[in-house]
Amino acid sequence: MYDSDKVREIAKRRKEWESGSYRPVCEKVPERCERFENLSWTEISPLYTAEDVAGFNYLKDSGFPGEYPYLRGVHPTMYRGKTWTMRQFAGFGTAEETNRRYKYLLEHGETGLSVAFDYPTLYGYDTDHPLARGEFGKCGVAISSLKDMELLFKDIPVGKITTSMTINGPAPIVWAFYIANADNQGIPRTRIGGTIQNDVLKEYIAQKSFIFPPEPSMRLTVDTFEFGARELPRWNTISISGYHIREAGSTAVQELAFTLADGFEYVKAAMARGLNIDDFAPRLSFFFNAHNDFFEEIAKYRAARRIWARGMKELGAKKERSMLMRFHTQTAGVSLTAQQPEINLVRVALQAMAAVLGGTQSLHTNSMDEALALPSEKAVRLALRTQQIIEEETGAASTADPLGGSYYVEWLTDRMEEEANRYFDRIEQFGGVVPAIERGFFQREIAEASYRFQQEVESGKRTIVGVNKYKLDEEVEIPLLKMDEKGEEIQLERLKRLRADRDNDKLMRALSALRKAAEGDENTMPYILDCVHAYATLGETCGVLREVFGEYREPSIF
Amino acid sequence: MKDLAERAVNGDDRAVARLITHAENCHPDLYEAMRIIHRHGGRAQVIGITGVMGAGKSTLIAEIALEYRKRGKTVGIIAIDPTSPFTGGALLGDRIRMSRLTMDPGIFIRSMGTRGMLGGLTGAVYDVMEIMDASGKDVIIVETVGVGQAEVDIIKIADTTLVVLVPGLGDSIQTIKAGLMEIADIFVVNKADVPGIERTMAEIESMIDLGHRPGVRKTPVLATAAKECKGITELVDAIEEHREFIVGSGSLPDRRRKRYEAELVEIIRKRLMTMIFDEKVFREKVESLIGRIEGKETDPYSAAEEILDGLLK
Amino acid sequence: MERKIRVLVAKPGLDGHDRGAKVVARALRDSGMEVIYTGLHQTAEMIVNSALQEDVDVVGLSLLSGAHMTLFRDVTDLLKEKGMDDVLVVGGGIIPEEDVTPLKEAGIRGVFGPGTPLEDIIEFIKGNVKG
């Protein structure tokens, strides 16, 4: 970026500064700690200058917004045209209750929907399954059939609004519920837009809501890619997620590297099926965490875009849209404290700011009470207001990549890309992502990072405000969400009626056709849609796949 | 203690579990129970399993146990993991892979730390085996994590020893170095779906051929994919075949005698150590001798001599 | 002879968040205990059966899904039924203040929310395990 004479001069002057200005002050007043580190234990220097980014080639490594390698953002106008989608992840209890919450959020200015499902749904069980005991509606909404999906989106224009669904193992089935609901309303499939998370690799690595072993899981994923490319051009068939990897305790570097490694793995799997990279790649999307180390997070998003663009080009992508990385961001749930919960508002605001400065396409801001329970209406509204303040009042959305060219941020971006590449090499040595999962590589790396962090908190090396410093002995007074106590009964009754009222012959035919397709190598999506249209429940449909594919068991890794 | 033993012999799992705890803690009255236990034992077939970390041993054991259950046998599993020499703590994670066995009343799983036995099997393993045996388990599977002495020690207790390897990672080379060629009754190459399986199988087979003498049983090499439940029936068949072989060739009693010898040595060792280091009179003697060694008034050999003389008097 | 505290760390229900359980398991190990980790998706029956076979002094339950009122109590109920109420049961996760008292009444003697120092958990166990 600078001519070499200039850099040499800067380097020389920097040395002078170090001995003349910096050191003498350090000797008088020692710095606060011996080694400054970010959350990935990378050492941070007292100062960054042009010298640190001397090798940086602007046109090659940075470019312009909306152009390869997309370091500065995926849109030429970035937020000057349209700001990010404000998409609050929400769901609890019955479909009716969650439907009311969605309408509340839309009334208050939310621009996209995001569905949280309860645990039984995430594992492909109906509410009346024995393993669902105690879990109904707790972490999200229970969706056991098309009937529930119809209620969830009652009076919400699914042809206009986009919906993101955090569902992985049973993603094809839940997606089919959504599509079938639109079908029944006469909305063409080409018009509905949204995202299914559908990222099973990170389930094995971190989130642990897996159902099937990796091989059939990857096959189902590719089925959705293929089906989406053919019939739902506006749908993101995957959201390759680092969020949960980070929540499980990884560093930012690990989040970056493992997520991108997963992404390339999906691309390779789809290409191995014979799909054309430019047919499906434009519908791949990503999902990252926004954690506490402000600059590291911004560098992470920027590095992610550049690594993806370069990697996709290498894999043979020709279309621009195949190389640009669009991503959703959620602030770090793991950073929220149960102590002094109001201060979570401040944490979330800073994390959200990092996501915006990093160029996210959509954003969920956590509510301040989430270390205690599901968020109350007021807490969700404040979280949404936080985004609106960033959008409307801070000026952060006025120019593309405002921190581009910062010596520190560019240096850190480069460094994170390098470290990610080192991780890619290690994963390659295992023979790819799946063997590395089976050997527990990711799981061990994450467990070690999270334990190390926790020990540093215990020893006081890391500060968590309100937890190990600036503590306050106070009763926490936050109004918590109360759910309809009758919810589970309502849902069980609905399931019972559904099983009695539907055409069970038609259903059995659809299920056995799905079984045949799953045993063979046809795309399962059309068969799943037939089952769903015949009001097969989630558990019944998933049950067929469980029988054909078997279930995954985690390796014993700490 | 006697009551506990009677209950254990009648198959009461809680009593079995509690007795094992007493054995691990070297409870001073344990011998009362073990007298009863020993009278009822000696029937169970003992399978030892060893191999490097990450070879998929726990999964393999789960599959072997399920196969034996299908064949109408009850199973005891002893899963041993290392105790940290620094903290004395241990993280025992074998149950993760054996989750499916937890609800089967015909299977009893116990996780154990090595508890200070440097590299070797935990001292309590003999007692635990006898307790499970006496409680009516037909098959007992002992798993050790593979470093050092524990691997070699396992042949002292097992009727059949399985050495588990995985393709790649140079495991087969490590095997020769670690002296595992000699202890295996059966080699298992697990994760047969991983590339490199043929090479690993060939390497092991050629090593076996090298050391093979005519007229001696040749160690079989089997491939399994425990996660996909492949090759398990064949493996259990091979274990049974080996058992028939040692029964037929008359070497089973030899193996059993070796086990009792090891057990006897272990009990004596433990008792001696307890006597010398825990009992007050000797403790004082030991302390004063350490002081004298430090002051160069005596040397460690002469000091040991003095202690042993005291014991033998 | 030396007696070691044995702890079963278990994840009941369908919740897959195991960062906390694993961090606590490591910390207990580092404080000299023998920790048996069950892995995910355990039913109350599986947890109690494992506790029985392993003859543990402590059962530690971790759950972040909000189903603790049902699933934690299932475990203590079953322990009582089997006459194993001498086992110390502790639990952790996203647990609202108002649930703490009923959980304690149900026999979960230590309830640890987010941000609890690991040292507190270790001390609680050491102080409350029967001699």
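Convention: sequence-line order gives letters A, B, ...; per-chain numbering from 1.
What you find for A/C139 and C/L64 is that their closest heavy atoms are SG-O, 4.3 Å. When all heavy atoms of A/A371 and C/P114 are compared, the pair lying nearest together is O-CG, 3.5 Å.
Other residues, nucleotides and ligands contribute at most 12 non-hydrogen atoms within 6.0 Å of the NZ atom of A/K486. Applying the 6.0 Å contact sphere to NZ of A/K378 captures no more than 12 heavy atoms from other residues, nucleotides or ligands. Within a 6.0 Å radius of CD in A/E485, other residues, nucleotides and ligands contribute 12 heavy atoms or fewer.
A/Y123 contributes atom OH, which lies 2.5 Å from atom NE2 of C/H41 (distance to the nearest 0.5 angstrom). The distance from the CG atom of A/L122 to the CG atom of C/L14 is 9.0 Å, given to the nearest 0.5 Å. For the atom pair CG of C/D15 and NZ of A/K208, the computed distance is 11.0 Å after rounding to the nearest 0.5 Å. Taking CD from A/E135 and CG from C/L71, the interatomic distance works out to 5.5 Å, rounded to the nearest 0.5 Å. Annotation: the span from A/E448 atom CD to C/K22 atom NZ amounts to 11.5 Å, rounded to 0.5 Å. The NZ atom of A/K138 sits 9.0 Å away from atom CE of C/M69, with the distance rounded to the nearest 0.5 Å.
Among A/G466, A/G134, A/A132, the residue with the largest count of heavy-atom pairs under 4.5 Å with chain C is A/G134. Your options are A/A248, A/A206, A/G249, and the one with the most heavy-atom pairs under 4.5 Å with chain C is A/A248.
The main-chain N or O of C/V24 is never found under 3.5 Å from a side-chain atom of A/Q454 such that the two would form a donor-acceptor pair.
With a threshold of 4.5 angstrom between heavy atoms, A/E370 approaches chain C through N, CA, C or O but not through any side-chain atom. For chain A, no part of C/H68 is nearby; none of its heavy atoms comes within less than 4.5 Å. Contacts of A/Y125 with chain C are made by side-chain atoms alone, with heavy-atom separations under 4.5 Å and no backbone atom involved. Proximity to chain A (any heavy atom under 4.5 Å) is shown, for C/A21, by neither the backbone nor the side chain. Heavy atoms of C/S65 lying under 4.5 Å from chain A belong to its backbone as well as its side chain. Heavy-atom distances place no part of A/P130 under 4.5 Å from chain C, backbone and side chain included. Only the backbone of A/L372 comes within contact range of chain C, judged by heavy atoms closer than 4.5 Å. For A/E458, the part lying under 4.5 angstrom from a heavy atom of chain C is the side chain only.
Annotation: side chain of A/Y451 is in contact with side chain of C/D30 (closest heavy-atom distance under 4.5 Å). Under the 4.5 Å side-chain criterion, counting only non-hydrogen atoms from C-beta, A/S450 is in contact with C/V23. Considering only heavy atoms from C-beta on, A/E247 stays 4.5 Å or farther from C/R19 through its side chain.
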**Prompt:** So C/L40 and A/F210, side chain to side chain contact (heavy atoms under 4.5 Å, CB included) or not? Walk me through it.
**Reply:** CA-CA 11 Å; C/L40 303 170; A/F210 37 67; 4.3 Å; yes
